[in-house]
Every structure is written in structure tokens, then in C-alpha cells.
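Input: a single structure, listed below in C-alpha cells.
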Amino acid sequence: MKRPRRRREIPYALFLVPGGLLLLAVIIVPFVMNTALSLTEWEGVGTPEFVGLDNYTELARDTEFWASFRHNIAVTLAMAVIPTCIGLVLAAGLFDYIGKRFGPRTAAFLRACIYLPQVLPIAVAGIVWSWILAPEDGALNALLGAVGLEALQQDWLGDPRRALFSVMGVMVWVQIGFPLVIFMSGLQRVDPALYEAAEIDGASWWRRFWHVTIPQIRPEIFVALLWCTIASLKAFAFIYVLTKGGPGGATSVPSYYSFENFFDTTRVGYGAAVATVLALIIIALTVVFLRRQSKGEEG
């Protein structure tokens, strides 16, 4: 009797090879090259000159970089914290109130409308908002004038005191749809009996939201905060389209400041140093978020 041939089992590690090669080619190798470039002084042509940690020493004393970093904290508030809070309330309202009283199709339609800004190209949305916020013939100032509120008309993107807040408002509008979709998908796995028991006990909508919804979708909240925070640290397109870091650097963020050093002032090594610091901050925040999430799941 011949023994049946055993099929060769393919190690699971082989399935990780394509993703690992992509990670190596797209992320690790460019990051190492950028880090090496940050140790040089280079204008984009010729041979880079090795200067060691001089770029980082200058970066530590650069007031423009620290100002752009403070602006990025405000951008994080507009792209991560505020959209997550608003998206959480909207998701609970659409799922627990609109969906039950007006049907799931109405809730799905409203969800799609709120998510629509995420689908729009950033350049197109930025140009449209620049028309809306234009100082002379913009739609917002025209609307304020039409209702007799001429005193509230402003140069929304040209005034250093208001430009950052105007950009933050646009970012909130764009970003709300992402956490909303995540939270509504998370609510699908919550046991309806929890809501029914809370409703029988006389709990109001807000108490059901606070004591049932938030604890049940805590993993989704961590995911939304992590993704939105990383997106806020990389925020570049809206800054470039709306203000180009102005007026007077009032809306500059580290990603745009790195771009400015790369292409406008041709200080490639210094721009690479800014990009390296920003990448390390993103990695550190990701590790912190993931550890907090794992501890929360274990607890």
C-alpha cells in the first residue's frame, strides 16, 4: 500500500510577502532616504553636503516651525476631536431616532449626504470654499449683507486673526462624514436588547447615548480618533488650496512648512528634517493610541 501524499502546506508567512514588499518600497525605504537627506544641506541639484544634526539643531530654535506646530494642534482639533464628537452624536441620532421613526432608507440617505464631502476631490472643494469665503463677492459675505448683517462681513481667509478658524471650519465640514460612517457601522453590532432595557427603565435618549452607545462602540471611537489625528498631522491640501500657509504664516502647518522648504526656498535637507520629525510624531501617537486601545479591551 502506498501512503497518500500529503499536500504541502503553504506557510502563512508567504501571504505576508506582497504586503511586506509594498511596505518596504513605499514607506520604509523612502523614510530611511528622507532621514538620510535630513542630515545634509542640499539645494536639489549637485551633491548633498553632510552636516550631521545641524538641521535638527536649527529646527529646535525655529520659531516658524513651532508656530506651524501650534497651528497643527488647532487643525487636529478641527479634523479629529470636533468631527469625532459631532459624528458620534449624529450617528447615534440617525441610528436610534431617525432610523426607527422614519425608516432605514431615510437614515442611509442622510448618512450619504453627510459623507459626501469625503468623496469630493480636495482641490475642487477647496476652490469652491475659496469662492464662498472671498472677501468682496463671496457667497458668505453676500448672504450676510442680504440679511442685514453687514457688520459681520469679514475677509475670512485674508485676515490673520480669522484665517485659521475659517480653514478649521472647512475641515470640520469635510471630516464629519468619516467618523459618522465608522460609528454607524459599529452600532450595527450593539445588542438591541440593551437599548430596549434602558428604554423600559425610563432612560432618556441622552442617557442611552452616554451609558449604552459610547461604551459599546469604544473600539470604533479609538479607530476614528487615530485615523483622523493622523490625517490632521498630514493636512496639506486644504492649506495649499485655500491660503498657502498665509496670510503671514497664520495657517502654516508642519507638512506645508516642509513643502515650502523643499520647493520654495530649496532647502531640501531642512525640509526633510521637518518631514522626519512629523513622521516620528505620527508613529509615536499611533503607538500610544494602540496601547491605550489594547489596555481598554483587556480591562
Side-chain angles (χ1 to χ4, degrees), residues 59-90 114 117-118 120 122-123 125-130 132-135 138 140-141 152 154-180 182 221-261 264 271 273-286 288-289 292:
L59 191 64
R61 301 191 301 264
D62 190 348
T63 57
E64 292 186 18
F65 168 75
W66 291 111
S68 69
F69 192 78
R70 289 193 297 271
H71 299 156
N72 216 145
I73 296 175
V75 170
T76 302
L77 183 68
M79 291 190 67
V81 180
I82 296 177
T84 299
C85 295
I86 297 177
L88 185 57
V89 176
L90 290 177
I114 298 173
Q118 285 279 312
L120 295 176
I122 295 179
I127 291 173
V128 171
W129 273 102
S130 66
I132 295 173
L133 299 175
L140 180 57
N141 281 341
L152 297 180
Q154 305 290 337
D155 186 0
W156 301 103
L157 297 176
D159 189 342
R161 297 172 299 175
R162 295 178 177 84
L164 182 60
F165 294 103
S166 300
V167 173
M168 289 172 62
V170 176
M171 290 178 172
V172 170
W173 171 78
V174 170
Q175 200 68 15
I176 287 177
F178 177 73
L180 172 69
I182 291 181
I221 295 175
F222 272 104
V223 170
L225 279 175
L226 176 60
W227 278 87
C228 292
T229 301
I230 292 175
S232 68
L233 292 173
K234 300 187 299 180
F236 171 80
F238 273 108
I239 300 294
Y240 180 79
V241 174
L242 290 173
T243 62
K244 289 185 170 55
T251 58
S252 179
V253 292
S255 58
Y256 185 83
Y257 189 56
S258 175
F259 168 84
E260 195 175 21
N261 279 279
D264 291 347
V274 176
T276 301
V277 171
L278 186 60
L280 292 176
I281 292 173
I282 292 174
I283 293 172
L285 285 176
T286 303
V288 171
F289 267 101
R292 288 294 300 273

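Taking the side chain as every heavy atom from C-beta outward, Ser252 and Glu64 never approach each other to under 4.5 Å. Residues Leu77 and Ile73 are not in side-chain contact: their nearest non-hydrogen atoms beyond the backbone lie 4.5 Å or more apart. Considering only heavy atoms from C-beta on, Ser255 comes within 4.5 Å of Leu278 through its side chain. Counting only heavy atoms from C-beta outward, the side chains of Val274 and Asp62 never approach each other to under 4.5 Å. Side-chain contact between Ile182 and Trp227 is absent, with no heavy atoms from C-beta onward closer than 4.5 Å. Here the side chains of Gln175 and Gln118 are in contact, with some heavy-atom distance below 4.5 Å.
Interatomic distance, Phe69 CZ to Leu233 CG, rounded to the nearest 0.5 Å: 7.5 Å. Rounding to the nearest 0.5 Å gives a distance of 11.0 Å between CG of Leu164 and CG of Leu157. Residue Thr76 holds its OG1 atom at 11.0 Å from CD1 of Ile82, rounded to the nearest 0.5 Å. For the atom pair CG of Leu140 and OG of Ser166, the computed distance is 8.5 Å after rounding to the nearest 0.5 Å. A distance of 8.0 Å separates CG in Asn141 from CG in Asp155, rounded to the nearest 0.5 Å. Put simply, CD1 on Ile176 and CG on Leu88 are 12.0 Å apart, with the number rounded to the nearest 0.5 Å.
Atom CZ of Phe178 has more than 12 heavy atoms from other residues, nucleotides or ligands within 6.0 Å. The environment of Trp173 atom CH2 is dense: over 12 non-hydrogen atoms of other residues, nucleotides or ligands sit within 6.0 angstrom. Phe289 CZ: more than 12 foreign heavy atoms inside a 6.0 Å radius. Phe165 CZ: 12 or fewer foreign heavy atoms inside a 6.0 Å radius.
At distances below 3.5 Å, not a single donor-acceptor pair connects side-chain atoms of Asn72 with backbone N or O atoms of Val253. In this structure, Ser68 contributes its side chain and Tyr257 its backbone to no donor-acceptor pair below 3.5 Å. Not a single donor-acceptor pair under 3.5 Å links the side chain of Gln154 to the backbone N or O of Pro135. Trp66 contributes a side-chain N or O that, together with a main-chain N or O of Ala60, makes up a donor-acceptor pair within less than 3.5 Å.
Considering every non-hydrogen atom in both Pro179 and Cys228, the closest pair reads CD-SG, 4.4 Å. What you find for His71 and Ala250 is that their closest heavy atoms are CE1-O, 3.3 Å. Closest of all the heavy-atom pairs between Ala235 and Met79 is CB-SD, 4.0 Å. Taking all atoms of both residues into account, the shortest heavy-atom contact from Ala275 to Ser258 is CB-OG, 3.7 Å. Considering all non-hydrogen atoms of both residues, Tyr256 and Lys244 come closest at OH-O, 3.0 Å.
Between Thr286 and the choices Ile281, Leu226, Thr229, the side chain to side chain contact (heavy atoms under 4.5 Å, CB included) rule is met once, by Leu226.
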Should Ile132 and Val170 be marked as a side chain to side chain contact (heavy atoms under 4.5 Å, CB included) after you check the CA-CA gap, both sets of side-chain angles, and the distance that decides it?
CA-CA 11 Å; Ile132 295 173; Val170 176; over 6 Å; no
